[in-house]
Amino acid sequence: MSSFTPLRPLTSAIRQSYRGYASVLSTPNGGVVQELPLRLQAIKLYKELHRLGRDYPDPKYDFNKRLRRAFEKNAKVTDPEQLKKQLELGEHIKKEVLALISLKKFRHLRRTYHANEGPR
């Protein structure tokens with residue numbers, strides 16, 4: 001017979017280290033959730049913009065390529081104030097892209113269901 005020892009459950013400290021930024025979000029006293037570090041905010045923003053770029057209305061614009069170049073250009077920025085400004089600009093661009101996508105969908109629906117009407 002082999003000596004099999006069952007695995008013991010992970011402690012909370014080890015569990016948090018496996019979750020990536022979960023340790024940043026939780027506080028020792030279980031209180032208020034802290035803000036994500038700037039690097040993780042930038043990664044999150046990049047992922048959101050990249051997903052939105054798939055539906056960008058103009059395929060010739062190549063939104064995702066421009067997005068990547070913009071993030072690569074600012075990769076060496078270390079000043080926290082400048083990083084916050086760049087993140088705010090990225091959030092603004094995200095809202096603009098969402099508006100463009102919504103407008104594209106609205107126009108498509110309007111052409112589909114109200115083909116005889118002129119532009120408003």
Side-chain angles (χ1 to χ4, degrees):
M1 286 194 165
S2 65
S3 61
F4 176 75
T5 57
L7 296 174
R8 61 177 195 247
L10 294 173
T11 63
S12 64
I14 294 172
R15 230 181 278 135
Q16 284 183 349
S17 68
Y18 286 124
R19 289 189 199 153
Y21 61 84
S23 60
V24 175
L25 294 175
S26 64
T27 57
N29 59 6
V32 180
V33 175
Q34 297 176 356
E35 185 176 288
L36 287 174
L38 292 176
R39 181 177 185 278
L40 293 178
Q41 287 179 20
I43 292 170
K44 180 182 174 191
L45 179 65
Y46 179 81
K47 286 180 179 181
E48 290 172 351
L49 285 170
H50 194 272
R51 287 185 193 111
L52 287 174
R54 295 178 194 162
D55 296 330
Y56 195 79
D58 186 9
K60 292 181 232 167
Y61 186 73
D62 202 7
F63 181 81
N64 284 338
K65 182 178 178 183
R66 290 174 185 247
L67 173 69
R68 182 181 175 99
R69 274 192 274 153
F71 270 80
E72 285 175 348
K73 185 178 96 175
N74 294 314
K76 303 252 190 269
V77 176
T78 56
D79 180 34
E81 292 302 318
Q82 198 170 8
L83 281 171
K84 287 179 184 176
K85 279 185 186 178
Q86 293 295 333
L87 288 171
E88 288 174 10
L89 176 65
E91 289 292 334
H92 176 73
I93 290 171
K94 183 172 80 171
K95 289 176 187 174
E96 292 290 323
V97 171
L98 281 170
L100 280 173
I101 292 170
S102 297
L103 185 62
K104 174 188 170 188
K105 289 178 181 178
F106 170 77
R107 286 179 176 164
H108 172 72
L109 288 172
R110 184 142 192 255
R111 277 193 306 268
T112 303
Y113 293 107
H114 304 286
N116 299 336
E117 287 185 24
R120 288 186 180 176

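These numbers were taken from a predicted model, which means no experiment stands behind them. In this chain, numbering begins with 1 at the start of the sequence shown.
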Exercise for the section: Determine whether Leu67 and Tyr46 make a side-chain contact, defined as any pair of heavy atoms from C-beta on separated by less than 4.5 Å. Expected result: yes

Exercise for the section: State whether Glu72 and Arg68 are salt-bridged, where the test is any N-O pair (Lys NZ or Arg NE/NH1/NH2 against Asp/Glu carboxylate O) under 4.0 Å. Expected result: yes

Exercise for the section: Calculate, to the nearest 0.5 Å, the distance between atoms CD and CG belonging to Glu81 and Leu38 respectively. Expected result: 9.0 Å

Handout entry: By side chain to side chain contact (heavy atoms under 4.5 Å, CB included) - contacts of Lys73 (at least two apart)
Key = none

Exercise for the section: Answer whether the closest heavy-atom distance between the side chains of Lys47 and Lys44 falls below 4.5 Å. Expected result: no

Problem - Asn74 CG to Lys85 NZ distance, which is reported to the nearest 0.5 Å - result: 12.5 Å

Practice task
Kindly compute the distance separating CG (Leu100) from NZ (Lys95), expressed to the nearest 0.5 Å.
Solution key: 14.5 Å

Problem - Interatomic distance, Gln41 atom CD to Leu87 atom CG [nearest 0.5 angstrom] - result: 5.5 Å

Problem - Joint hydrophobic cluster, Leu89 plus Ile43, side-chain heavy atoms closer than 4.5 Å - result: no

Exercise for the section: Taking atom CZ of Arg107 as the centre, report whether more than 12 heavy atoms of other residues, nucleotides or ligands fall under 6.0 Å from it. Expected result: no

Completion exercise
The reported gap from CZ in Arg54 to CG in Leu52 (rounded to nearest 0.5 angstrom) is 9.5 Å

Completion exercise
CG of Leu98 to CD of Glu48, rounded to nearest 0.5 Å, is 9.0 Å

Problem - Close side-chain approach of Phe63 to Leu49, heavy-atom, < 4.5 Å - result: yes

Handout entry: Salt-bridge contact Lys94-Glu91 (side-chain N to carboxylate O under 4.0 Å)
Key = yes

